[in-house]
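Let me begin by presenting the structure, written as structure tokens, before commenting on it.
So that the names make sense, note that chain A is the first sequence line, chain B the second, and so on, each numbered from 1. Not measured: the values here are computed from a predicted model.
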There are 2 protein chains.
Amino acid sequence: MKKITSEQWSPEVLEKLIPGHSVDCVILGYRNGNLYVLLLEWKGTGIWGLPGGFIYRDEDMDCAAGRVLKERTGLDYPFLSQFHTFGDYGRRDPAQTPQLLETWDAEDTRLRDWIIQRFITTGYFALVNIDACGPLKPDPLSSQCSWIPSRTLPLLAFDHKEIIHTAMEHLRRQVNYLPVGESLLPETFTMKDLQLLHEAILGKKLDRANFQRKMLKSELLIRGARKTGTGPHKAPYLYRFLPEKQ
Amino acid sequence: MKKITSEQWSPEVLEKLIPGHSVDCVILGYRNGNLYVLLLEWKGTGIWGLPGGFIYRDEDMDCAAGRVLKERTGLDYPFLSQFHTFGDYGRRDPAQTPQLLETWDAEDTRLRDWIIQRFITTGYFALVNIDACGPLKPDPLSSQCSWIPSRTLPLLAFDHKEIIHTAMEHLRRQVNYLPVGESLLPETFTMKDLQLLHEAILGKKLDRANFQRKMLKSELLIRGARKTGTGPHKAPYLYRFLPEKQ
């Protein structure tokens with residue numbers, strides 16, 4: 001396996017970056033009732049990680065998150081939002097993932113020092129419709145970039161599992177009072193479409209009657225006409241999200 | 001005015017700190033229907049700032065926030081929670097607050113370099129009952145540490161005004177679906193007590209009937225007995241918060 005060296009990641013580039021602070025993006029994708037996480041496999045390791053990277057000395061942190069995501073995946077999300085900063089001293093203990101360090105040239109002192117330094121990372125989050133995304137491109141450090149089902153995560157680097165769980169918690173807390181499905185569902189949708197989305201986010205089946213009662217009470221939705229062309233059964237109502245309340 | 005020098009803030013101490021990352025605490029206090037922010041006045045400047053500080057190289061970031069707050073104010077809040085990280089390139093432009101730099105000895109290169117470096121800061125937040133707090137102690141950099149009414153903020157350093165506003169927004173978003181008053185109100189309280197708290201947080205008067213209807217619908221409260229000993233009028237009901245839903 002070819003190791004990463006300073007030739008690929010030059011001292012001049014490292015000099016332009018803020019040391020000790022990174023960004024990581026948790027991109028949750030939704031398709032047909034299932035939730036996925038966008039992950040990259042680090043070359044030849046079997047270890048996966050979130051799309052992440054560093055901040056230039058003259059760059060806003062929010063811009064760095066958008067740039068990193070675009071560089072690594074070709075995706076462009078203006079609605080990427082910050083959810084938490086992970087600053088535990090031991091969060092990036094190299095002993096947890098010895099294989100990762102093997103992919104770099106440990107003889108290259110400057111590169112090794114950069115990699116093994118303590119990093120505080122800020123997590124950014126987006127919930128997207130997979131069918132609306134373009135093709136995924138792995139970066140030079142990774143062999144593949146894929147949508148992985150959120151319920152069957154592979155071996156993850158450092159504390160990336162905790163970062164994903166924190167993003168999921170963030171989403172679960174929002175689901176009953178924010179129109180989180182707005183970018184995922186079509187403009188009008190049935191109560192069943194919405195229930196499938198909530199079930200994917202919460203990771204459990206919900207009671208149909210209770211769900212409907214709760215959603216109608218939430219003041220998030222407005223009911224429109226009945227769906228047409230759905231066969232001989234009584235057509236379900238179509239709903240849309242109300243604009244977010246201030 | 002005596003300037004701050006490396007004698008007070010030694011190179012050995014700076015060496016033990018993570019460069020470029022700070023923590024700032026927005027401590028909102030509640031008393032008798034009014035909301036206050038805990039602020040320190042930087043010696044001789046007329047400029048105020050949040051209680052904040054730096055992170056030791058071997059210290060978790062969350063612990064640093066707790067330590068900084070305790071060091072600066074004597075207050076001990078295990079319920080300090082992170083709300084946002086501020087990483088804009090220009091957030092700490094010294095030109096905004098030239099007076100602040102005058103309080104340090106600019107001849108002292110090491111100290112000046114430390115102070116003028118770019119900092120990303122993580123904001124921590126707590127909402128506390130002022131009457132339950134101990135006496136406040138200013139730190140060596142500040143002449144006073146005080147509760148300042150949130151609606152009449154003084155001149156603030158750097159982007160501290162934005163940090164406070166972001167914390168307030170965070171609180172306003174929570175007020176209708178989390179029991180934010182739990183640590184502020186007594187165990188049982190009247191609907192009027194709760195309304196006064198919400199009015200302080202939202203910064204506006206609320207309609208009594210609408211507020212009561214909304215709160216009863218929120219599933220946050222449980223109604224108990226009527227208040228006793230309140231005079232000849234019909235006694236109001238007492239409420240308590242339900243344990244937070246998962």
Among residues 18-29 of chain B, residues within the sub-4.5 Å heavy-atom range of chain A, in order of number, are Ile18(B), His21(B)

To the nearest 0.5 Å, tell me how far [X] [atom1] sits from [Y] [atom2].
X: Tyr124(A); Y: Thr85(B); atom1: OH; atom2: OG1; value: 8.0 Å
X: Ile120(A); Y: Thr122(B); atom1: CD1; atom2: OG1; value: 6.5 Å
X: Asp60(A); Y: Arg91(B); atom1: CG; atom2: CZ; value: 11.5 Å

For atom [atom1] of [X], decide whether the heavy atoms of other residues, nucleotides or ligands shown that lie under 6.0 angstrom number more than 12.
X: Lys192(B); atom1: NZ; value: no
X: Tyr89(B); atom1: OH; value: no
X: Lys16(A); atom1: NZ; value: no

Heavy-atom pairs under 4.5 Å with chain B: which of Arg172(A), Gln82(A), Met61(A) has the most? Gln82(A)

Give the member of Ala64(A), Cys63(A), Gly87(A) that has the highest number of heavy-atom pairs under 4.5 Å with chain B. Gly87(A)

Can you tell me which portion of Arg57(A) sits under 4.5 Å from chain B's heavy atoms? Options are side chain, backbone, both or neither. backbone

Could you tell me which portion of Phe83(A) (side chain, backbone, both or neither) has an atom closer than 4.5 angstrom to a non-hydrogen atom of chain B? neither

Which heavy atom of Arg118(A) sits nearest to which heavy atom of Tyr56(B), and what is that distance? NH1-O, 3.2 Å

